[in-house]
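What follows is one structure encoded as structure tokens, with my remarks underneath.
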Amino acid sequence: MSGLVAVKARLERACLRVGRDPAEVRLIAVSKGYDAASVRENVLAHGHHLLGESRIQEWRAKSAELADVQWHLIGTLQTNKVKYCRAFHTLHSLNSERLADALEAYGERHDHTFRVLLEVNVAGEANKQGVALPDAEALVRYAHSLPHVDVAGLMTIAPYAGDPEAARPAFRALRGLRDKLALRELSMGMSGDFEVAAEEGATYVRVGSALFS
Ligand SMILES: *Cc1c(COP(=O)(O)O)cnc(C)c1O
């Protein structure tokens with residue numbers, strides 16, 4: 001069985017365990033670190049066209065070789081790279097007013113509205129991007145005031161631990177914040193913990209290595 005087919009089956013089972021419709025959780029196939037040929041073989045060949053990349057530079061080279069893809073930017077975005085971002089369906093890493101301002105300025109100039117998720121550093125880890133949980137609401141409110149920035153939801157990377165259950169409190173906290181802010185999307189869960197994320201309400205899971213092994 002291909003990695004993609006196996007991951008989809010696991011995702012579906014996780015949804016059914018908690019009574020969710022599997023169609024509510026979209027799988028973002030994270031192609032970072034894998035070349036275009038490998039992405040074609042392991043992802044696109046199975047009829048899956050929703051892909052995520054972390055770095056603009058790598059994405060620019062790869063996307064030129066891959067057609068018919070809905071791209072999501074999941075990695076940290078620098079303000080000087082905003083000009084490349086129109087092609088992304090969603091940006092998962094809004095983390096500052098400064099970046100929101102840069103998106104707004106570009107969007108106004110080019111008549112484009114960016115669909116974004118706010119990246120939240122739920123556990124307050126020093127080595128991680130994203131706004132701290134207590135600061136998230138203010139940044140969402142700020143972004144809501146910008147006509148060319150559409151805040152669709154929240155994203156997090158759970159603290160890494162060998163045990164996927166260890167990620168559950170972070171996912172639950174993000175969901176609580178999402179509900180409080182009345183947003184729609186929850187981008188959470190990676191190869192090691194996507195089933196727990198789906199159980200906790202993820203609407204996007206971002207899975208890379210499990211698809212290519
Ligand atoms: C690389 C990456 C993923 C996928 O990680 P895997 O462990 O390979 O599934 C998901 N989200 C982000 C933000 C990433 O950088």
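What you see below is based on every heavy atom in this structure, not just the backbone, and it leaves out hydrogens, waters and symmetry mates. As the structure lists them, so they are numbered: ligands from 1, and atoms in each ligand from 1. Values in this document were obtained by computation on a predicted structure and should not be read as measured data.
Under the side-chain contact (heavy atoms from CB on, under 4.5 Å) rule, L118 has a single partner from N95, L154, L177, which is L154.
A salt bridge is absent between K8 and E12: the closest approach of a Lys/Arg side-chain nitrogen to an acidic carboxylate oxygen does not fall below 4.0 angstrom.
Not a single side chain to side chain donor-acceptor pair (under 3.5 Å) links Q57 to another residue, sequence neighbours left out. Here E199 pairs with R17, R168 under the side chain to side chain donor-acceptor pair (under 3.5 Å) rule; sequence neighbours left out. Applying the side chain to side chain donor-acceptor pair (under 3.5 Å) rule to D135 yields no partners; only residues at least two apart in sequence or on another chain are considered.
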May I have every N or O pair linking ligand 1 to the protein at under 3.5 Å, one per line with atom names and distance?
| from | atom 1 | to | atom 2 | distance (Å) |
| --- | --- | --- | --- | --- |
| ligand 1 | 8 (O) | S209 | N | 2.8 |
| ligand 1 | 8 (O) | S209 | OG | 2.9 |
| ligand 1 | 9 (O) | S191 | N | 2.9 |
| ligand 1 | 9 (O) | S191 | OG | 2.5 |
| ligand 1 | 9 (O) | G208 | N | 2.7 |
| ligand 1 | 11 (N) | R206 | NE | 2.9 |
| ligand 1 | 15 (O) | K32 | NZ | 2.7 |
| ligand 1 | 15 (O) | S54 | OG | 3.3 |

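Using a 4.5 Å heavy-atom cutoff, the side chains of E65 and R40 are in contact.
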